[in-house]
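For reference, the structure is listed below as structure tokens.
Reminder, nothing fancy here: chain letters follow the sequence lines and each chain counts from 1.
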Amino acid sequence: MAAERYNHREVEPQWQKFWTESRSFEANEDVSRPKYYVLEMFPYPSGRIHMGHVRNYTMGDVIARFRRACGYNVLHPMGWDAFGMPAENAAIERGIHPKSWTYENIAAMRKQLKSMGLAIDWSREFATCDPSYYRHEQAMFIDFMDADLVERRVSLVNWDPVDQTVLANEQVIDGKGWRSGAAVEKRELAQWFLKITAYGDELLSALDGLEKWPEKVRLMQKNWIGRSEGLRFTFDLEDAAGKKRDQGLTVYTTRHDTIFGASFCAVSADHPLAKEIAESNEDVAAFRKEVAALGTSEETIERAEKRGCALGVFACHPFNPNVKLPVYAANFVLMGYGEGAIFGCPAHDQRDWDFATKYNLPILPVVAPRGIASRVIGDAPYLEKDSDDCVLVNSQFLDGMNVEQAKAEVARRMKDSGRGEIRVNFRLRDWGVSRQRYWGCPIPVVHCKDCGIVPVPKSQLPVELPDDVKFDKPGNPLLHHPTWKHVNCPKCNEPAERETDTFDTFIDSSWYYARFASPHASIPVDQDASKYWLPVDQYIGGVEHAILHLLYSRFYARAMVKTGHLQVKEPFESLFTQGMVIHETFRTKAGEWVLPSDAVTKDGAWVHGTSGEPLELGGVEKMSKSKKNVVDPDTIIASYGADTARWFMLSDTPPERDIQWTEAGAEGSWRFTQKIWRLINDIVAIPAHPVSMDEQGLALRRISHRTVAAVTDDLNNLRFNRAIARIYELANAIGQSLQTANKSFALNGALHEAGSFLVLLMAPMMPHLAEESWKLLGQQSAVVDTRWPLVDAGLVAVDEVTIAVQINGKRRDELTVAKGQDRSAVEAAALGLASITRLLEGKAIKKVIVVPDRIINIVCEG
RNA sequence: GCGGGCGUGGCGUAAUGGUAGCCGCAACGGACUUAAAAUCCGUUGGGAGUAAUCCCGUGCCGGUUCGAGUCCGGCCGCCCGCACCA
């Protein structure tokens, strides 16, 4: 009886070897079976996996193994999002080549992932920095150019003058480069763009079809795309002397109903008009410089006070020739949105109000609540517009209309006069994909002084990164390389230069899921393979990718469809965003973070284990090196085993929520693995009688079959924590039954059945322990090749129900009746209960609510 | 400012509008043991009572309903996303 302890250190590697040697998880197209493609967001090869990876890949693995057991042909691949800045930083800081740094990290992390026992088809593995991957990215970019999906244009960027590189907005901190600390400048650079805005409407409307995406993510994308319908129109411009200028001023507005309340116009400091005037006007030039110094970070713009600088020109009101609106350059107008120019209506817009107040401009109300004709504007703008209860005032032909009517009338007149038209605008910007970096996919074009921009012929792809690069000076090593960029023009064969920018790494991750369908194909995506495997049935990853990665991927799929590389427009049928792994933090009174393992309790207070210094709780935070609350998966897998780590990650907390790592919880999971091992050993020790029915055996069989039904339902809906609670219940029931084993043949049979169900149900979560237990139960085949247990509907069905008996909504007693018992019989039984008759004594029953098989509520007076 | 989410025992959590707290952690009591570990059994929302039982209880206030943790309205608190978007 006394079984040896389950030894994960021996067992886990053995089964991992078995799965590898049996090629258990290698997927092949098989039209006779339904396919299921489960994918977790692939990792960046930072060097070591962290607990977040463990959680993410465990969830995907449970789905993969569960679906496989249910008969699906499962594709579950893994790869590496391997380009990016950390590799270059390692090169700069430690003199390691980005390539060797990356591939060494991949090797280390692959080993760690394999120790988790994941059901992954490793034969499909690739890294985005493999030339065999990025050559196809380059080929598709050339196809995108041909399909008019690409544009090269000058754009404003954050430029770090010390590192000589472009910085992303999040790398600009308080106007300074995050690495160099140098004041960041705004600079105009020619950049490559993918025309994602051309798909703005479609990316927005198709969100409605993504029914298996979290509502939250769809909303975030919707807001990000930011569609608005407004009016674009042009003012005539005059100089101070009243002389008409050649060029008018085109503005965009969603409040054209308020045109008669306009008291000024404002343009961005980067607007062509501001630039032109700055050439002859020192004040404007100084203002432009000042605004530029602030950088493009949204945050800095927001904090700044609303300020402007008069340009000395005036806009003529389109319906009121006598009204001339002064035009300003203003710091709150963004060049990137609409036309980079607005008209200001201070009475009905907060920003315009602030601006008009500062510069003493007129504030004329033009929208007022219905019935209040002479409304006086107080000390704030009146922002109502969605209600029918307000009307236009002080607005000539618009007076008395509601907002919608006025908008329509203004738009009609503007259109008739050729001055403007209704226009849809997006907050979404085109996707700038140029990066002045080495460790990325080279952009496959050549700049020729005669032919202009010439794509590299596909026969010459890939354009490979040179290995012999130096990181000894700032800027892009590709630019400094002595020979790499010098090539002959593919068109005229004269000396020309390669593009030295590389792609944004979000391009790499925008199509990797499709490459997994045919990772060795000589074209980007094999059509038969992608037709079979795509779309991804279940995609899992962190919510931090809700916008950029997921939106880019949706756009990229459409671009691939347009260029004939793909058939599906939506890559991810179902999306799940899992929560983070968090852990307690500790710090000293001085505020220094302390390892949780160094914190001990002494007399009810936390102190440092060795120094005895008092500590305080720093809160439960996302694991991070700086807060010293990281738990290393290697350590956990070595001491408890992969199965325990996986089990913990799925237990207790719903998968979309943050899960707190605790030592006690991990030990609890570990104890449960040992408990299962004991239970299976105990079951093996009793005779395996065939299942038959007596009262005890039947009771256990009901629990077993109901557990299978419940766990199946939970796993189908990714409710891992509930599935685990049900499995605990089954294990507890088996433990109970074992105490009376050998007294009943039927119970012995039921125990063997329950044991095999227990093993199969836990197998997706704890695959090694499941295989070892399965073998112990005397099974010939492996769990991985065994079908999910079938339930006996008769055992799942309930034939008796216990229903609550309420009086006036308060539970007073309960009643066990046959399922489906008719109302009158239930009512009679309830009214016959001694406790109920006592409570009802002397009271008149008003009515009795009977919900069959659920509840009975007796409503009486008093 | 705009949009979204969440508030349930000591803790993580569970509950198609139908008996609130399944399951786990922690704690306490007991069995086994020379002892410990491990394991097994039991108790554990608050209050009253010897007990049977009864009362209260899902952030706060109100509403809908025979019945509300769940639906609706208004607050309070926490979290997340976007943000001078015209």
Counterpart residues, side-chain hydrogen bond (donor to acceptor under 3.5 Å, both in side chains), relative to [X] (two or more places apart):
X: A:D813; answer: A:S835
X: A:S155; answer: none
X: A:Q739; answer: none

Could you check whether [X] gets within reach of a base, just the sugar-phosphate, or nothing at all, counting any heavy atom under 4.0 Å?
X: A:D354; answer: nothing
X: A:T662; answer: nothing
X: A:T653; answer: sugar-phosphate
X: A:Y728; answer: sugar-phosphate
X: A:V848; answer: nothing

Quick one: list whatever passes side-chain contact (heavy atoms from CB on, under 4.5 Å) with [X], sequence neighbours left out.
X: A:D652; value: none
X: A:Q578; value: A:R55, A:N56, A:M59, A:I540, A:F576
X: A:A262; value: A:L325, A:F343
X: A:T816; value: A:E800, A:T802

- Task: Please evaluate the base of B:C22 for a donor-acceptor partner in the side chain of A:R726 within a cut-off of under 3.5 Å?
- Result: yes

- Per the atom types in the model, does the base of B:G12 pair as donor or acceptor with the side chain of A:D652 at under 3.5 Å? yes

- Query: Quick one: on RNA chain B, does A:A664 or A:W224 contact a more 5' nucleotide (nearest heavy atom)?
  - Reply: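 Its nearest nucleotide being more 5', the pick is A:A664.
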
- Query: 5'-most contact on RNA chain B: A:G665 or A:T253, nearest heavy atom basis?
  - Reply: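 Nearest-nucleotide comparison on RNA chain B picks A:G665.
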
Presence of [X] side-chain N/O under 4.0 Å of [N] phosphate oxygens OP1/OP2:
X: A:N721; N: B:C22; answer: no
X: A:R232; N: B:A86; answer: no
X: A:R351; N: B:C85; answer: yes
X: A:Y252; N: B:A86; answer: no
X: A:R657; N: B:A14; answer: yes

[X] has an atom [atom1]; how far is it from atom [atom2] of [N], in whole Å?
X: A:Q578; N: B:C80; atom1: CD; atom2: P; result: 17 Å
X: A:K306; N: B:A83; atom1: NZ; atom2: C1'; result: 12 Å
X: A:F672; N: B:A38; atom1: CZ; atom2: C1'; result: 17 Å
X: A:K622; N: B:C79; atom1: NZ; atom2: P; result: 17 Å
X: A:L334; N: B:A86; atom1: CG; atom2: C1'; result: 9 Å
X: A:F343; N: B:A86; atom1: CZ; atom2: C1'; result: 9 Å
X: A:D714; N: B:U13; atom1: CG; atom2: P; result: 17 Å
X: A:I659; N: B:U13; atom1: CD1; atom2: P; result: 9 Å

Can you tell me, in whole Å, how much space there is between the [atom1] of [N] and that of [M]?
N: B:C28; M: B:A20; atom1: C1'; value: 24 Å
N: B:U44; M: B:C25; atom1: C1'; value: 13 Å
N: B:G24; M: B:G3; atom1: C1'; value: 36 Å
N: B:U8; M: B:G1; atom1: P; value: 26 Å
N: B:G74; M: B:G81; atom1: P; value: 25 Å
N: B:C22; M: B:A14; atom1: P; value: 13 Å
N: B:C61; M: B:A52; atom1: C1'; value: 37 Å
N: B:C78; M: B:U64; atom1: P; value: 32 Å

- Item | Plane angle bin for A:Y728 and A:F672 - parallel if under 30°, tilted between 30 and 60°, otherwise perpendicular |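 Judged by the thresholds at 30° and 60°, the geometry between A:F672 and A:Y728 is tilted.
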
Between [Y] and [X], does any NZ, NE, NH1 or NH2 come within less than 4.0 Å of an OD or OE carboxylate oxygen?
X: A:R838; Y: A:E841; value: no
X: A:E229; Y: A:R227; value: yes
X: A:R218; Y: A:D208; value: no

With the criterion being N/O to N/O and under 3.5 Å, what pairs connect the protein with nucleotides 66-69 of chain B, and how long is each?
| from | atom 1 | to | atom 2 | distance (Å) |
| --- | --- | --- | --- | --- |
| B:C66 | O2' | A:N857 | ND2 | 3.0 |
| B:C66 | O2 | A:N857 | ND2 | 2.7 |

Side chain of [X] only, heavy atoms from C-beta on: which candidate in [options] is closest?
X: A:I855; options: B:A26, B:U19, B:U16; value: B:U19
X: A:A725; options: B:C23, B:G3, B:A38; value: B:C23
X: A:E729; options: B:A38, B:C22, B:U19; value: B:C22

- Want to know the stems of RNA chain B: at least 3 consecutive Watson-Crick or G-U pairs with distances under 3.5 Å, which are they?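 Result, WC/G-U stems under 3.5 Å: B:1-7 with B:76-82, B:10-12 with B:23-25, B:26-31 with B:39-44, B:45-48 with B:53-56, B:59-63 with B:71-75.
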
- Task: Go along nucleotides 39-58 of chain B 5' to 3' and tag each nucleotide: B for a protein heavy atom under 4.0 Å from its base, S when only backbone or sugar atoms are that close, - otherwise.
- Result: SSS-------------SS--

- Query: Relative to A:W224, does A:R427 satisfy both conditions: NZ or CZ under 6.0 angstrom from the six-membered ring centre, and within 45 degrees of the ring's axis?
  - Reply: yes

- Syn or anti for B:G57, with syn set at within 90° of 0? anti

Please report, to 0.1 Å, the donor-acceptor pairs under 3.5 Å made by any side chain of residues 660-670 of chain A, with sequence neighbours excluded.
| from | atom 1 | to | atom 2 | distance (Å) |
| --- | --- | --- | --- | --- |
| A:T662 | OG1 | A:G665 | N | 3.0 |
| A:E663 | OE2 | A:Y640 | OH | 2.9 |
| A:S669 | OG | A:G665 | O | 3.3 |

- Message: Tell me every residue that passes salt bridge (charged side-chain N to carboxylate O under 4.0 Å, His left out) with A:R423, counting only those two or more places apart in sequence or in another chain.
- Response: none

- For A:I676 and A:M766, which heavy atoms make the closest approach, and how far apart are they?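 Looking at all heavy atoms of both residues, the closest pair is CD1-CE, 3.8 Å.
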
